[in-house]
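Remarks on the structure that follows.
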Number of protein chains: 2
Amino acid sequence: MNEGLESDARQNGSDRVVSYFKDRILKGDLKVGDRVMPERELAQHLDVGRPLLREVMKSLVMLGFLNVRQGSGTYIAKADIRVLSDFFTFCLSQEQDVLEDVMQARMAIECQAIRLACERANEADLARIGQWLGTLIDTLTDPEAGGRADFMFHQSIVAASHSRALTTLYGAMAELLQRSHVQRRVTTYRNPEIVRVLVDAHREVFLSIVAKDPDQADRRLRDHFAIGDELRRRSLIETYRGAPAKQIN
Amino acid sequence: MNEGLESDARQNGSDRVVSYFKDRILKGDLKVGDRVMPERELAQHLDVGRPLLREVMKSLVMLGFLNVRQGSGTYIAKADIRVLSDFFTFCLSQEQDVLEDVMQARMAIECQAIRLACERANEADLARIGQWLGTLIDTLTDPEAGGRADFMFHQSIVAASHSRALTTLYGAMAELLQRSHVQRRVTTYRNPEIVRVLVDAHREVFLSIVAKDPDQADRRLRDHFAIGDELRRRSLIETYRGAPAKQIN
DNA sequence: CAAGTAAATTGGTAAGACCAATTCATTGAT
DNA sequence: ATCAATGAATTGGTCTTACCAATTTACTTG
């Protein structure tokens, strides 16, 4: 009885609608392109009013789960990472701690991807990574292009893992990462010594993949991240001191 | 004129409501914790009906932009990546034909989380992980309870990272894997040697966290996964042979 | 059979009504 | 004067009904 009561308290109309979609999508009963029951019919089926159904469905549209066509119907959407754009913009308008946390997820994905890349990368993958390494080196003085090359270097590594789950998750964070890369370059790339250290770090990462050594690649990539963290830390110190520190060490 | 027409065509009621919130949040006119104009008043202010306003606001709630309290009002929320859990599950569910691949993503998250756990776990975290290790050992002969203890052991490690991004992604994948019954394939083993190896592997993982050694923890966890893979491989061989192999090695 | 028109279907939006939860104002007791 | 209880007001939650806009389907005509 208590169990039944709890179940009722949790499954209000709104939740029933959400569950209807989640269950069917995850179970595969509703696939990309499938048409959903018409609103009026579905509202009746779920014993809710149409406005409530529409509220929930509007939410699912904005989360990218559904596509609606007036006069035609509602369809299951193909996942589209662009829906995350507003979310990340919202994050950026607030404090930055969420972004630092997303970097943890980024590292997780990249370090696993680079291990897989050591096993799975083909000639085209290696050529692409190498090419972006070259572009990265050539665009060190241009924050925009350099940031892009840096990002693409990393994304090529993830792509070389040939893991759709990893590339999908990485793609979801892509926009945020791109902004981060550009921002970082603006604040850290004026010292030739720093530039050299960074170029070397990227090169070591690439060579580890070529050498097909997962542990080394993982370690090199983490070292590369650690350098980035250190540079950011120094950059902050520099900012707060307000002095153009000529001497790093 | 054309410009004005285009502007009108784009700014329907729904878009006006979205813009109202986006503009004010991004400009800082509405900050975390600020109360929003009441629904009826805002609907009038924006020249839309209340149901339409509610549709949009429901969306913004589900995207994590707003918090609502019945009887009190609607407030600007603090960014929280947990709202994206369903989105990630949705994304990954569309790659469901390669579940082994999702296991790679799960491994990525766990290995990064265990590194963070070595730095961030508090006493309560360690006690929880240790407790689930104990339960896991006690329930080795029960597939249901043993499976659950195994899962909770791992989830406690991820929780001990105190990273919302990682725990969110882990949760999204866990839900997917649960529905696919992948984890149920790990059957209980009756060979005492195998049992000992498994228990030892879990214990080593736990001790690495206690020792606060990220590299060792990462390595131990990967070793543990490799053992699991090998056992699964043998399980499949056994299944297809249809022989109760008394002698494993 | 093809093209055009009308009807039906489906999504888009609103007004009005009523219920549920919280907050604020008023009243009564100490 | 202060505090607690009660009632009213406010705000969100949900529904019915009605009508408009866009698309699809059915029917009619050449």
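Nothing here was measured: the structure is a model prediction, and the numbers come from that model.
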Using a cut-off of under 3.5 Å, enumerate the N/O to N/O pairs linking the protein to nucleotides 3-6 of chain C.
none

Solution key, residues 61-71 of chain A side-chain donor-acceptor pairs under 3.5 Å, sequence neighbours excluded:
none

remark   = 5' to 3', nucleotides 5-12 of chain D under a 4.0 Å protein heavy-atom cut-off (B base, S sugar-phosphate only, - none) gives ------BB
Interatomic distance where CG belongs to Asp47(B) and P belongs to dA14(C) [whole Å] = 8 Å
query = So which one's nearest nucleotide on DNA chain D is more toward 5', Tyr75(A) or Gly13(A)?
reply = Gly13(A)
ask   = In terms of side-chain geometry, is the basic nitrogen of Lys31(A) or Asp34(A) positioned less than 4.0 Å from the acidic oxygen of its partner?
value = no
key: Donor + acceptor pair across side chains of Gln94(B), Arg164(A) (<3.5 Å)   = no
task = Write down the distance between CG (Leu46(B)) and C1' (dT13(C)), rounded to a whole number of angstrom.
result = 15 Å
task = Report the distance from atom CZ of Arg16(B) to atom P of dG12(C), rounded to the nearest whole Å.
result = 16 Å
Residues which pass side chain to side chain contact (heavy atoms under 4.5 Å, CB included) with Ala145(B), listed by chain and number, not counting sequence neighbours = Thr139(B), Asp142(B)
Glu39(A) and Arg54(A) ion-paired at < 4.0 Å = yes
ask   = To the nearest angstrom, how far is Lys58(A) atom NZ from dT14(D) atom C1'?
value = 19 Å
ask   = Who pairs with Glu175(A) by side chain to side chain contact (heavy atoms under 4.5 Å, CB included), at least two apart in sequence or on another chain?
value = Ser85(A), Arg179(A)
task = Taking Ser161(B) for its side chain and Ile157(B) for its backbone only, find out whether a donor-acceptor pair lies under 3.5 Å.
result = no
query = Can you name the residues that form a side chain to side chain donor-acceptor pair (under 3.5 Å) with Thr135(A), not counting sequence neighbours?
reply = none
ask   = How close or far is atom P of dG13(D) from atom CG of Asn12(A), stated in whole angstroms?
value = 10 Å
